[in-house]
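Only one structure is covered here, and it is reproduced in the block below.
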Amino acid sequence: MSSKMAALCTAALVALGTTIGASPALAFGDHKGVTSEGLSPGSSSSFLHGPIIDDINDAHAWMDNNEGLPPRNVSKDEYHFDDCEFDKSVSTINSRYSSVMTFLQQRRVFHATNEFGKILHTAQDLYSHANWVELGYPRDPRRPEKPEASDLVSFSGTKSAVDSSWTVPKGGSIVASDIILANDDWSPPLGWRIKKHGAGDFQSVLYNSTGVRQGRLLETGKGFLDGECSIPTAGYGGFTHEELNKDSPTNAKYKKARALAELQTANEWCRLVAKAGRADRDGLLLAMLVRPGANPHPANTRCRPVPDFNDAFHHRVTVAVESVQIRNDGDDSGSGEIQLSAAFYDNPQAFHKSVHKENRGGPMSLNTGALVPTKQLPEPMTMCVQRGTSVNWALHGWDNDEIGSEPNSNLFDDKGRFADSLLTGGRAKFSSEASGSLPLAWQDFNVRIRITQGGRC
């Protein structure tokens, strides 16, 4: 981040018995805006619930923490794609995805979203801290601030299966066109040389021992006390973090870097849904994170929305909740203040359609064994789907322990004096040709839904 150099200077001065202030690092002005834009397709607000976004933003603040004894988070290269640490940054992202899936398996929703926020932070920093923009991305000069998926770094996996992980080729490998990855542990063969700015500003060119051009280097900035981007065998010192970072709106390349970071953020959401599907936690994720009525399908991503087709191969399917009985009200004494959230969607590995609803009327004072009043059940959910495919319907809930007039008081939240308790439902997967009544017995709910078939879309 932009204050990395200051953080490192501070560490050095503290070691000498001197203390100076250092401001926190803020990419793109702040990561909150990048996250909000990336997760709000065609809307002024994110498709995620407010407390979920708050939790992700808490993770951004943690990643940029510049307090306490070194090494501080803001100075950890692998958290920010700094000092040409491509391999360790990618390993950090992939490791955090494993942690997200573990937390979802344990139904620790806010632990999972906190880890996801850390993933987004590192992924966003790549475009601010590397010279990807200087190397010519986004490629369409007519739409410099409207990138396509093909403009994202190839090793982010956006061209592979939607639930694939990030991968980094070895240093010196081609990552796109004539672009060579200059990882921190890489050196070209003896006799090869690198010409700084050889193809334009911040585009260094690698030549072999006979003078034949090999390609341009993808690199990030080196810190004040680090030299991991330097390649002594080629007589190359690399660029500093201050030279390459596009953290500030005053930088001419800021808007391009931010647009790429926003699109990467949206693609990470698609990856999260797909990975949750592999872990059988897609229902929990989509029911508890997405706002009712929202559109969690960002454009130009692998989970982009698809239009409804009015043909013989597609038809409308409706799921209506007939009854919900509370098996566990989540409260140790007295009744729980129960709220329900449901999601109706297609394949999480091809996540292009979904409907999201909550129970009507807000929190319901219900004891274990009670039935949800009919008038407060979630409204029927209808989706246009392809015949012969599978669809999913999920319901979960929570015991709302912070009812009041605050903005998030009726939302699933882990803040405040009392954290809300998750009530575990489940996910039903059925054919798009199915119809009739379906009973579902889950940990905290007994549910009955009715599936009906409609005409063309």
Side-chain angles (χ1 to χ4, degrees), residues 49 52 100-113 163 272-292 296 317-331 336 338-351 353-360 364 366-372 376-383 385 389-400 411-412 420-432 434-452:
H49 279 296
I52 302 299
V100 170
M101 293 305 113
T102 297
F103 287 134
L104 288 177
Q105 290 282 9
Q106 298 169 346
R107 300 185 179 89
R108 300 166 74 185
V109 174
F110 287 100
H111 285 73
T113 55
D163 62 347
L272 176 65
V273 173
K275 284 183 174 291
R278 295 295 185 198
D280 193 27
R281 286 295 181 267
D282 46 299
L284 175 64
L285 185 84
L286 295 173
M288 297 306 296
L289 268 63
V290 180
R291 292 188 297 108
V317 178
T318 298
V319 174
V321 183
E322 293 188 317
S323 67
V324 175
Q325 182 185 36
I326 310 302
R327 300 182 67 174
N328 171 28
D329 63 24
D331 212 301
I338 309 299
Q339 292 185 249
L340 306 175
S341 186
F344 184 29
Y345 55 100
D346 54 7
N347 185 347
Q349 270 71 48
F351 182 56
K353 288 179 174 290
S354 63
V355 181
H356 304 266
K357 301 277 188 180
E358 290 184 354
N359 68 279
R360 289 170 279 190
M364 304 170 288
L366 298 171
N367 291 307
T368 297
L371 288 170
V372 172
Q376 290 194 266
L377 292 170
E379 294 178 345
M381 308 166 77
T382 300
M383 190 166 62
V385 298
T389 60
S390 296
V391 291
N392 300 273
W393 184 85
L395 180 138
H396 290 270
W398 69 100
D399 176 22
N400 191 331
L411 301 178
F412 182 54
D420 295 337
S421 301
L422 176 71
L423 300 180
T424 301
R427 181 203 64 184
K429 183 176 182 179
F430 49 89
S431 168
S432 61
S435 62
S437 185
L438 179 63
L440 303 163
W442 290 323
Q443 177 176 310
D444 294 328
F445 303 107
N446 288 326
V447 181
R448 182 176 292 275
I449 60 174
R450 180 165 294 277
I451 307 163
T452 57

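Computed from a predicted model, the values in this text were never measured in an experiment.
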Residue set satisfying side chain to side chain contact (heavy atoms under 4.5 Å, CB included) with R278, at least two apart, ordered chain then number -> D163, Q349
For P378 and K357 the tightest heavy-atom approach is CB-CB, 4.5 Å
Closest heavy-atom pair, I52 versus F110, reported as atoms and distance to 0.1 Å, is CD1-CE2, 3.7 Å
Nearest heavy-atom approach of G369 to Q325 is O-NE2, 3.2 Å
With Y345 as partner, the option from D282, V290, V391 fulfilling side chain to side chain contact (heavy atoms under 4.5 Å, CB included) is D282
Checklist line | Main-chain N/O of M288 paired to S341 side chain as donor or acceptor, under 3.5 Å | finding: no
Between H396 and G425 (side chain of the first, backbone of the second, donor and acceptor by atom type, cut-off under 3.5 Å), is there such a pair? yes
When rounded to the nearest 0.5 Å, the distance separating CD of E358 from NE2 of H49 is 4.5 Å
(message) For W442 and W393, take the angle between the two ring planes, folded into 0 to 90°, and tell me which bin it lands in: parallel under 30, tilted 30 to 60, perpendicular over 60.
(response) parallel
d(L438 CG, I451 CD1) to nearest 0.5 Å is 5.0 Å
For F445, the ring-ring contact (aromatic ring centres under 6.0 Å, His included) test, sequence neighbours excluded, returns none
Query - Backbone N/O of D444 and side chain of T424: donor-acceptor pair under 3.5 Å - result: no
query: Short question: side chain of N392, backbone of D346 - any donor-acceptor pair under 3.5 Å?
result: yes
Partner of F344 under side chain to side chain contact (heavy atoms under 4.5 Å, CB included), picked from L286, T382, I449, V317, is V317
task: Measure the shortest side-chain to side-chain distance between T113 and F103 over non-hydrogen atoms and say whether it is less than 4.5 angstrom.
output: no
| field | Test item: Q376 side-chain N/O and R360 main-chain N/O as donor-acceptor pair under 3.5 Å | value | yes
**Report entry** Expected output: side-chain R281 to main-chain Q105 donor-acceptor under 3.5 Å
**Finding:** yes
L284 and L104 have their tightest heavy-atom pair at CD2-O, 3.8 Å
Separation between CG (L395) and CZ (R427), nearest 0.5 Å, reads 14.0 Å
Interatomic distance, CG@L422 vs CZ@R108, rounded to 0.5 Å, equals 12.5 Å
For G277 and P348, the nearest pair of non-hydrogen atoms, with its separation, is CA-CG, 3.9 Å
Which of I338, L366, N359, V321 passes side chain to side chain contact (heavy atoms under 4.5 Å, CB included) with V372? It is L366
Worksheet entry | Within-4.5 Å side-chain heavy-atom neighbours: M364 and L340 | yes
Sequence neighbours excluded, the answer for ring-ring contact (aromatic ring centres under 6.0 Å, His included) partners of F430 is none
Rounded to the nearest 0.5 angstrom, the CG-NZ distance for D280 and K429 is 9.5 Å
Tightest non-hydrogen contact, residues H356 and A343, listed as ND1-CB, 3.8 Å
**Prompt:** Would you say D329 and D399 make side-chain contact, with heavy atoms under 4.5 Å?
**Reply:** no
